[in-house]
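The structure under discussion appears below in the form of structure tokens.
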Amino acid sequence: MTNKLVLVDGNSIAYRAFFALPLLNNDKGVYTNAVYGFTTMLLKVLEDEKPTHMLVAFDAGKTTFRHDTYKEYKGTRQKTPPELSEQLPLMRDLLQAFNIAFEEVENYEADDIIGTLAKRAAADGWDTKIFTGDKDLLQLVDKNILVSLTRKGITNVDTYDLAALNEKYGLKPAQIIDLKGLMGDSSDNIPGVPGVGEKTALKLLAAHETVEGVYENIEAVSGKKMKEKLIENEDQAYMSKKLATILTEVPLKTKPEDLPLGERNMEQLTELFKELGFQSLLTRIGGEEAEETIEMEDLEVEKVTELTSGMFTEESALVIESLEDNYHHAEIIGGAVANDKGVFYLTPELIKENSTFKEWAKDPDKKKIVFNAKRAVVSLGWQDIPLAGAAFDVQMASYLLDPGASSHDMADIAIRKNGMQVQADEAVYGKGKKQQVPGEEVLSQHLGRKAAALLDLKKELEKELEENKQLELLTELEMPLSLILGRMEKHGVAVDKEELRKLGDSLTERLNEMEAKIHDLAGTSFNINSPKQLGEILFDKLQLPVIKKTKTGYSTSADVLEKLADQHEIIQEILLYRQLGKLNSTYIEGLLKAINDKTGKIHTMFNQALTQTGRLSSTEPNLQNIPIRLEEGRKIRHAFVPSKDNCLILAADYSQIELRVLAHISQDKTLIEAFRHDMDIHTKTAMDVFEVEKEEVTSEMRRTAKAVNFGIVYGISDYGLSQSLGINRKQAQRFIDKYLESYPGVRDYMQNSIDEARENGYVTTMMQRRRYLPDMTSRNFNLRSAAERTAMNTPIQGTAADIIKKAMVDMDEALEKSGIDAKMLLQVHDELIFEVQESQVEELSKLVIKVMEQTLELDVPLKVDADYGKTWYDAK
DNA sequence: TAAGTCACGC
DNA sequence: GACGTACGTGACTTAT
């Protein structure tokens, strides 16, 4: 077997990791982001490459032999941030524990060590692979030397061999130094020839091979200016080339065969990982299975067979356990109650049949502390066991305190909040196919612990909510809403199966015809749904121009295909095929599969503790993304029908709720006036941005204004806006600037949001929903910019979410009082869907509009449109 | 089983 | 000058 040597440019990777990752630190305040990134990269390399030999090279001191040639070498480079330099020793500790060799040599850079060893290994016929973030190293590429450059993040790399290098730059490895000689390198302060950039340099090298070649043929260089520049800077070009040249003859004692990859020192490694707080990596390196299960002493859990009312006090924690994700058909495997009388395990039989338990469960005055109230209520509901008095939902509390927390699992919350420790469900039940119910001993212990932990956590989380002024958000909004959502889910939405099948049949027929036509146009049969195969057909076989690549190959996304539409007849067909295929598989087949056998209806699950903005999400199936934009898809809505005879579907939606919220929060005079006069907001924006009168607004202007408003509402970047409008980034930025000039109140609001986020670390909505933005202080421009846009956007989107949630709570009560025979079925972010007796539809319509519009008073009116019909399609 | 790509909604 | 760009869910393919 050939030996395989992996060489890593330690400093380069550390830099990359440091800037790519947020500034993490461990519990002792030591920064760990660079070490973390470096470690994940090492693990990936070890796993993917399985090297026999390995070395990580580091730069030594400040000066190297290159400084003898050019004092200013690396002169412009900023001092290594102390947050990074303090991590470098940790990386050495880590390498020691991994038993991977590392080396630094006075006067030389890591590059030179790598170059020397790579050449030596190659001479012995070894395979070598180099990992770095520095393109300079490409000069080392050879028959058996590959160079992997980090792409995005740290674990993603592009690997170059001779062919790849030629494809990308049209250069041989040795020409990389000529390239640098001509174009220079600002990061190393290598001057090159002023006025020559990558494009020019590549052109020159294509014609004349090397720097020397360029000067030998200097008369052949076109352009007077260019020729002058070259002649003027000849010495500098040669010097730059020399600076960029990696030395492959460093006087090293180390030979490749001295670098065998040793055995990991697991003890050292786990200790180090623990110290650094790399929990996730601990599991990844294995050997720590036993340690992963938290050491816990046994908790006293009573396995009761008879229940007495004395076991149930005024306030108890209640756990109702089921394994299936989908609680609409989940089997209850057990439960537990914890209070000052003790901790009691409940068998499924007790839960379902014991009258003492059921009496207590349905008594709203007996307060229950629960984890995911909706799940407990609905899964019990399907067994006809009413549950009331769910007063405090620990999961919801955790979500409201920090929606961005890494997870809202019981075990994780318990760790975060220092409550009684609980095993992870996955550790107890297993996952995937291996999931199973454990014996009663284990189960009662696990559930008992959960219940006991709930008591702990409630106290802690309630205190934190109080401090954040978020207790009302929990008790008055989210908790009542969770019960309403639970009822909506359990009630379900009726669908017309025949209608779905009919739509499906016609789609299938069309898809078959289209498939044949596409194969015919392509001249061969292939899987249209495979981006890989499709890419090969379009870009290799049909030779269409490549617009964009993904990391696995050609991009075939809709925006790419649209650009190719006039090049080949096949493109339109593919786009339509995709669209119809999506309808068929996701919506027709997906919805048919989601129909509940017993009820014949669809029961979605709203996740109320997931999104970062406070919106709901919907799963199994997702009923918040039923097509509407294109008529073909909109037809799906024909299948959503009332569940009783003589009923209608009514849909009520907020008009421009986010922009109205923006007007209110920002107090922008123009925007407020516009909404008070109920103007068409996109036309108004067009008037302001293009500085024209209403009559002069063209449909194109309105379309642009609409996209700008869309961008403001969703917090997209200049890039995002440029993509949606098909313009360049500069133009997009101009629109944004013009918008902010027109609405100075909005501009101030945006700035204030950013300031607030930077100061507090979080932003809030009108109802005290929070979102933490740790990246506000990131040195990484992208992360920071994204955080800034989020700071501007989340109060708007989040407040809109608050408002509709409150409207749902109000509406539930209003419906109850009104005596109207109607049911709330769905919420789709800014709209509510009902089914209602035909005779009462007008009454409901008036009520819904009133309740939704008046749920919260802003400085601009909230506007609601309502419509109804025999199906969801007709309620438009 | 996980990752990547694509497409639907607001 | 590069970076990689609103929030979600689900279907499908492909590699492991």
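Every value quoted in this text rests on a predicted model; they were computed, and no experiment measured them. When reading the values below, keep in mind they use all heavy atoms of this one structure, side chains included, and skip hydrogens, waters and symmetry mates. Note on naming: letters A, B, ... go to the chains in the order of the sequence lines (proteins, then strands), and numbering restarts at 1 for each one.
Between N607(A) atom CG and dC7(C) atom C1' the separation is 13 Å, expressed in whole Å. Atom-to-atom, CG of L610(A) to P of dA6(C) comes out at 18 Å; the value is rounded to the nearest Å. At whole-Å resolution of the value, CD1 in I588(A) and P in dA11(C) are 13 Å apart. Distance L592(A) CG to dA11(C) P: 12 Å, rounded to the nearest Å. Rounding to whole angstrom units, CG of residue L511(A) and C1' of dC12(C) are separated by 14 Å. Residue L783(A) contributes atom CG, which lies 13 Å from atom P of dA6(C) at whole-angstrom precision. Rounded to whole angstrom, the span from the CZ atom of R784(A) across to the P atom of dT5(C) amounts to 17 Å. When the P atom of dT5(C) is taken as reference, atom CD1 of I716(A) falls 13 Å away, rounded to whole Å.
Residue S618(A) is in sugar-phosphate contact alone, with no base atom involved, counting any heavy-atom pair closer than 4.0 Å across all strands shown. Residue T586(A) is in sugar-phosphate contact alone, with no base atom involved, counting any heavy-atom pair closer than 4.0 Å across all strands shown. Among the atoms of the strands shown, none is found under 4.0 Å from any heavy atom of D718(A). Q723(A) comes within contact range of no nucleotide atom at all, as no heavy-atom separation falls under 4.0 Å. No engagement by N793(A) is indicated, since no non-hydrogen atom pair under 4.0 Å with the nucleic acid exists.
E426(A) and Q435(A) share no donor-acceptor pair across their side chains, judged by distance under 3.5 Å alone. Residues N782(A) and S785(A) have side chains that never bring a donor and an acceptor to within less than 3.5 angstrom of each other. Residues T613(A) and T794(A) bring no donor and acceptor atom of their side chains to less than 3.5 Å of each other.
Aromatic ring pairs are classed by plane angle as parallel below 30°, tilted from 30° to 60° and perpendicular above 60°; the pair Y399(A) and H408(A) is perpendicular. Ring pair F640(A)/W872(A) is perpendicular by interplanar angle, where above 60° counts as perpendicular and below 30° as parallel.
Side-chain atoms of R729(A) and base atoms of dG4(C) include a donor and an acceptor less than 3.5 Å apart. Contact of S530(A) with dT13(C) (side chain to base): no donor-acceptor pair of N or O atoms is detected under 3.5 Å.
Taking a 6.0 Å sphere around NZ of K135(A), one finds it holds 12 or fewer heavy atoms contributed by other residues, nucleotides or ligands.
Contact check, N529(A) against dA11(C): no side-chain N or O comes under 4.0 Å of OP1 or OP2. For S617(A), a side-chain nitrogen or oxygen approaches OP1 or OP2 of dT9(C) to under 4.0 Å.
With K805(A) as the fixed residue, the side-chain hydrogen bond (donor to acceptor under 3.5 Å, both in side chains) test singles out one of Q608(A), E478(A), Q827(A): E478(A).
Nucleotides dT5(C) and dC6(B) are separated by 14 Å at their P atoms, to the nearest Å. As rounded to the nearest Å, dG4(C) and dT5(B) have P atoms that lie 14 Å from one another.
Looking at K374(A), its side chain never comes within 3.5 Å of a backbone N or O of E489(A) through a donor-acceptor pair. Put simply, the side chain of T855(A) never gets that close to the backbone of M852(A): no donor and acceptor are under 3.5 Å apart.
Ranking dT5(C), dA15(C), dA6(C) by closeness to the Y719(A) side chain, first place goes to dT5(C).
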Contact state string [nucleotides 5-10 of chain B, B base, S sugar-phosphate only, - no protein heavy atom under 4.0 Å]: SSBBSB
Test log, rule side chain to side chain contact (heavy atoms under 4.5 Å, CB included), inputs T524(A) and E536(A): CA-CA 12 Å; T524(A) 177; E536(A) 281 161 14; over 6 Å; no
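Helical stems involving DNA chain C, defined as 3 or more consecutive Watson-Crick or G-U pairs under 3.5 Å, span B:1-9 with C:7-15.
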